> 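Sending over a structure as structure tokens; questions will come in a sec.
Bear in mind that the values here come from a model prediction, so they are computed numbers and not experimental data.
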Amino acid sequence: MQRFGRKMAVVTLYHARPPWTRRRLRSQEEVLSALPVAHDAAAQALARAESAWSAHALMPCHAHAREAWDLLRSTVDLSAAARPELARTALLLGGTLYRLGRFDALMAEGDEFVAVLRQSGRDEDACQVLRWMALGGAEIAAFDGAIDAARSGLALATHRGHAPLQVLLTNALAACFERMGDPWHAERLLRDALALSQRIGGDVERFVTCNNLAAVGLTAFDLLREDDPAEARALLERARVDAEQGLPLAEHIGDPFYSVYIHANTGDILMLLGEHEAGEARLRRALALAELHQFETQVWRVRCSLGELALLRSDPAAARAELQPLLQTMGARAPAVTALRCQRALYRALRQLGETEQALVCLERYLALGRRRVVQQLKAQAHNLVTRAEIEQAQRDLRYHREQAASLAEQAARDSLTGLANRRGLEQRLRALSQASDTGALAVAVLDIDAFKQINDTQGHAAGDAVLVRAARLLLMHLRQRDIVARLGGDEFVLVLDNADETQAQAVLERIRQSAHLADDVPAFRFSAGVALAAAPWDGQGTLGEWLRPADEALYASKKRGGDTVTVRARN
């Protein structure tokens, strides 16, 4: 048997007998006569489990699947006919353990489920179990096992050439990095996964990636909210765009587990952006679904968010009433992130209520949990960032973030209103692109909003800001991860499309221009754009304005034609 994952060992699969066979059988004939009875009982239990899974009834599904698993493991060594049923049961057990939040059990049994599925030739299902192990292990800070599962699954999916599973396993690997304290690396992985999911057109893969991008944005916001509020808010705006793309996908897919996640993430984002009523509506919807389908860990997570919302509404008594019983309910089974959030929020509520002694107890627990988590993250990073490329990337990231923190006031690389790169950010991205060895043809586009001054003058600057934010969202929705989009100032935007010719660039810009016509939540606006090809990225030689001049001239031609159009400058 091939060994996948550092912690996966050769497993003796069918070693345990359930209670009904735990007696001394007097002869081989008696064993053989018992097999059909056990097989029939297992088949009936499996059918009930699969029916419960289809109905999203997790608890019955798990109970029936466990019954089938115990029966089948005692017969399969003598009856090859039972092996397909054992594989189906392994998949159900992996899925129910994950969705029920029983991550310790999933990590303990997952390797055996994977081995059964691989022996049955069901590599794609084995990848799904490895994905669940990666996600579940990351939740309980079992980072070694989680990273192993994600990498093993990604290697297997890549070997099989299964692009949808590559997207899902990349998501799982990103979740590991996010839980290990590096949401920036997680976002890079997820943007690549989103580009692949858009190429293959899978709704589930696109939803999972958009949802995880929203979750990663929330984590990054939490890290920056105290030290850099402007950057933190820009991260939230980006996360909101991702969540808005995920919501209709979840409704189309119709899986309540997905709906709970996206409504909870959207609710958190809206809550933190100050849209309390809209945020609470999303959170209440997520809570109702989670309680209906017994998604216990998600019930806990949403109740924690509701406690935090009470704090934001200056109601510490309501926060305490929500969070104190929640902590008691979760006990030692609380996921690490939810426990940290609850202790922090309860500490703030008790402090505001003047209950100093209890507040200090919560603070001590919060700090202890935080220290434990930091140690786990550092150990995981030391154990898992083992390749030279990863180490060099981590060092580059560390230098980058230190430089950003030291000179944030004058050197911030991101526009605070839209979340896009600003001029400095554009220059940095272009310099990096100029050093890459795999750069293809570049199409450069300069866009601005027609009659933007009139919007500001007649409807106010708040309306103008809303148009700029909406325009930024449109640009992000239509671009790939490797493309560059920046706001240079005012209503002027720049796009750099990697490996694109004039025809491809014009098609992209036309889609963006036509999408602006559909915006109905802000004042009406239109784009004009100019496109030109560039032989190479700007590398710091000369000025950025000189490099952009051909596209600027094409934009001017669009304006002369009355606006709301795209002009492509012909090659020289």
> What pairs meet the side-chain hydrogen bond (donor to acceptor under 3.5 Å, both in side chains) rule with one or both residues in residues 129-138, with sequence neighbours excluded?
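Output for this query lists Q128-R131.
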> The criterion is side chain to side chain contact (heavy atoms under 4.5 Å, CB included); which residues satisfy it with R66, sequence neighbours excluded?
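Residues passing side chain to side chain contact (heavy atoms under 4.5 Å, CB included) with R66: H62, W69, D70, L93, L97, E109.
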> When rounded to the nearest 0.5 angstrom, what is the spacing between CZ in R179 and CD1 in I140?
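These two atoms lie 12.0 Å from each other.
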> Can you sort out the partners of R122 under side chain to side chain donor-acceptor pair (under 3.5 Å), two or more places apart, ordered by chain and number?
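Checked R122 against side chain to side chain donor-acceptor pair (under 3.5 Å); matches are D125.
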> Where the side chain of D182 meets the backbone of E178, is there a donor-acceptor pair that is under 3.5 Å apart?
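No: the side chain of D182 does not pair with the backbone of E178.
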> Just to verify, what does A174 make a side chain to side chain contact (heavy atoms under 4.5 Å, CB included) with, not counting sequence neighbours?
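For A174, the residues satisfying side chain to side chain contact (heavy atoms under 4.5 Å, CB included) (neighbours in sequence not counted) are A186, L189, L190.
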> The criterion is ring-ring contact (aromatic ring centres under 6.0 Å, His included); which residues satisfy it with Y258, sequence neighbours excluded?
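Per chain and number, Y258 pairs via ring-ring contact (aromatic ring centres under 6.0 Å, His included) with F207.
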> Considering residues at least two apart in sequence or located in another chain, which fulfil the side chain to side chain donor-acceptor pair (under 3.5 Å) criterion with D104?
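By the side chain to side chain donor-acceptor pair (under 3.5 Å) rule, D104 matches no residue at all.
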> Among L247, L283, D242, whose side chain to side chain contact (heavy atoms under 4.5 Å, CB included) with T266 holds?
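That would be L247; it is the only one of L247, L283, D242 passing the side chain to side chain contact (heavy atoms under 4.5 Å, CB included) with T266.
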> Only counting residues at least two apart or in another chain, list the ones meeting side chain to side chain donor-acceptor pair (under 3.5 Å) with Y261.
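Residues passing side chain to side chain donor-acceptor pair (under 3.5 Å) with Y261: Q298.
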> Side chain to side chain contact (heavy atoms under 4.5 Å, CB included) with T158: which residues, sequence neighbours excluded?
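For T158, the residues satisfying side chain to side chain contact (heavy atoms under 4.5 Å, CB included) (neighbours in sequence not counted) are L154, Q166.
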> Suppose we screen for side chain to side chain donor-acceptor pair (under 3.5 Å). Which residues come up paired with R225, at least two apart in sequence or across chains?
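Here the qualifying residues are D222.
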> Under the ring-ring contact (aromatic ring centres under 6.0 Å, His included) test, which residues partner H293, sequence neighbours left out?
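Scan of H293 (ring-ring contact (aromatic ring centres under 6.0 Å, His included), adjacent residues dropped) gives H56, F295.
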> The criterion is side chain to side chain contact (heavy atoms under 4.5 Å, CB included); which residues satisfy it with T338, sequence neighbours excluded?
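Listed in chain order: W300, R301, C304, M330, P335, C342.
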> If you measure from CG on L346 to CD on Q343, what distance do you get to the nearest 0.5 Å?
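That separation rounds to 6.5 Å.
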> From D483 CG over to D498 CG, what is the distance, rounded to the nearest 0.5 angstrom?
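The CG atom of D483 sits 7.0 Å away from the CG atom of D498.
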> Give every residue pair that meets the salt bridge (Lys or Arg N to Asp or Glu O under 4.0 Å) criterion with at least one member in residues 247-256, sequence neighbours excluded.
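Only R99-D255, E251-R285 qualify under salt bridge (Lys or Arg N to Asp or Glu O under 4.0 Å).
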